[in-house]
Amino acid sequence: MLLHHVEALEILLQGLCGVHRERLRIHEMCLKSGPNLGLVASEVRLLCDLEQPEPAWTVKHVGGAMRGAGAEQISVLVRTMVESKASKNVLRVFYALGYKLDHELLRVGFAFHFQRGAQITITVSSVNKMLKLHATDEAVPVTPGIQLVEVTAPASSENYTEVVAAMSSFCEYLAP
Ligand SMILES: *[C@@H]1O[C@H](CO)[C@@H](O)[C@H](O)[C@H]1NC(C)=O
């Protein structure tokens, strides 16, 4: 989405969600393990929320998208996701386990969290890269003037049809 549309989207979302936006500033590090740790290489993301008074860390693993006949009939992607809070030495722990930094980025923007048939989160952010290792203060946009819009909601195998319906109907408001 182009920058000059962002303000209009923010006003639209504010009206639709009925909640205030939250500022978003997340340092994301993608780590990969060598094949020596298991049979296949694995990938984890360490997220550091820089908007909190004390940087708050999360470990996140995102699986592949659900496939098959069921997946083709719905308009959203269903992925497994495991997320857990971590202490600030988490990067050292993963390095000690043999993981290596693959790439890092900084997402800057805003988010809305609200309940409408599902716990929906919308983020509008720009993706920035660091010129020096971990130098989040000197990040530059990867695609200047373009913002990424993501709509997500948690679901389980029992309730995902309900969540898909809630997300699809909300996204119709955003269609234009
Ligand atoms: C669906 O299940 C997930 C996982 O238990 C839960 O986080 C989410 O709030 C549920 N959503 C609805 C609409 O019931």
Side-chain angles (χ1 to χ4, degrees), residues 1 6 8-33 37-38 40-91 93-94 97 99 104-127 147-176:
M1 157 164 291
V6 170
L9 177 67
E10 190 185 329
I11 293 166
L12 174 70
L13 287 174
Q14 181 84 60
L16 288 173
C17 309
V19 291
H20 284 289
R21 65 170 214 172
E22 284 168 26
R23 278 151 49 114
L24 192 85
R25 194 173 159 82
I26 292 177
H27 181 192
E28 185 170 325
M29 278 162 273
C30 180
L31 304 182
K32 288 192 174 156
S33 75
L37 269 185
V40 287
S42 80
E43 186 181 302
V44 292
R45 293 178 211 197
L46 303 186
L47 311 183
C48 183
D49 185 348
L50 301 175
E51 273 299 315
Q52 301 303 318
E54 278 289 309
W57 291 84
T58 303
V59 182
K60 184 164 151 183
H61 180 266
V62 181
M66 187 178 91
R67 291 172 192 232
E72 279 161 24
Q73 282 160 22
I74 57 179
S75 56
V76 304
L77 276 183
V78 181
R79 295 177 188 278
T80 55
M81 199 172 86
V82 182
E83 226 180 49
S84 45
K85 299 283 176 220
S87 56
K88 62 176 187 252
N89 60 353
V90 64
L91 183 59
V93 172
F94 275 92
L97 285 170
Y99 281 78
E104 62 178 345
L105 48 91
L106 179 74
R107 278 174 196 275
V108 182
F110 56 87
F112 287 94
H113 304 279
F114 60 100
Q115 182 76 35
R116 179 173 294 199
Q119 285 166 258
I120 300 178
T121 295
I122 299 188
T123 62
V124 179
S125 60
S126 67
V127 178
Q147 307 263 315
L148 186 67
V149 181
E150 287 175 291
V151 183
T152 53
S156 64
S157 51
E158 283 80 41
N159 72 10
Y160 86 91
T161 45
E162 219 177 295
V163 173
V164 167
M167 262 178 81
S168 306
S169 78
F170 180 78
C171 288
E172 274 172 29
Y173 293 109
L174 306 178

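Note that the structure is a prediction, hence the values are computed from the model and not measured. Whatever order the structure lists them in is the order used to number ligands and atoms, beginning at 1.
- Between the side chains of H113 and Q119, no donor-acceptor pair of N or O atoms lies under 3.5 Å.
- Looking only at protein heavy atoms, the nearest one to atom 5 (O) of ligand 1 is S156 CB, 4.2 Å.
- Of the protein's non-hydrogen atoms, the one nearest atom 14 (O) of ligand 1 is N159 ND2, 3.2 Å.
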Show which side-chain atoms of residues 73-88 pair as donor or acceptor with protein atoms under 3.5 Å away, not counting sequence neighbours.
unit_1	atom_1	unit_2	atom_2	d
S75	OG	S168	OG	3.2
R79	NH1	G63	O	3.4
S87	OG	N89	OD1	2.6

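- Using a 4.5 Å cut-off on side-chain heavy atoms (C-beta onward), I122 and F114 make contact.
- When side chains are defined from C-beta on, D49 does not count as touching T58, because their heavy atoms never get closer than 4.5 Å.
- Distance from atom 13 (C) of ligand 1 to its nearest protein heavy atom, with residue and atom name: G117 O, 3.2 Å.
- Close contacts between ligand 1 and E162 involve ligand atoms 13 (C) [criterion: under 4.0 Å to a heavy atom].
- Applying the side-chain contact (heavy atoms from CB on, under 4.5 Å) criterion to T123, with sequence neighbours excluded, gives L24, A111, T121, E150.
- The closest protein non-hydrogen atom to atom 9 (O) of ligand 1 is Q119 OE1, 2.7 Å.
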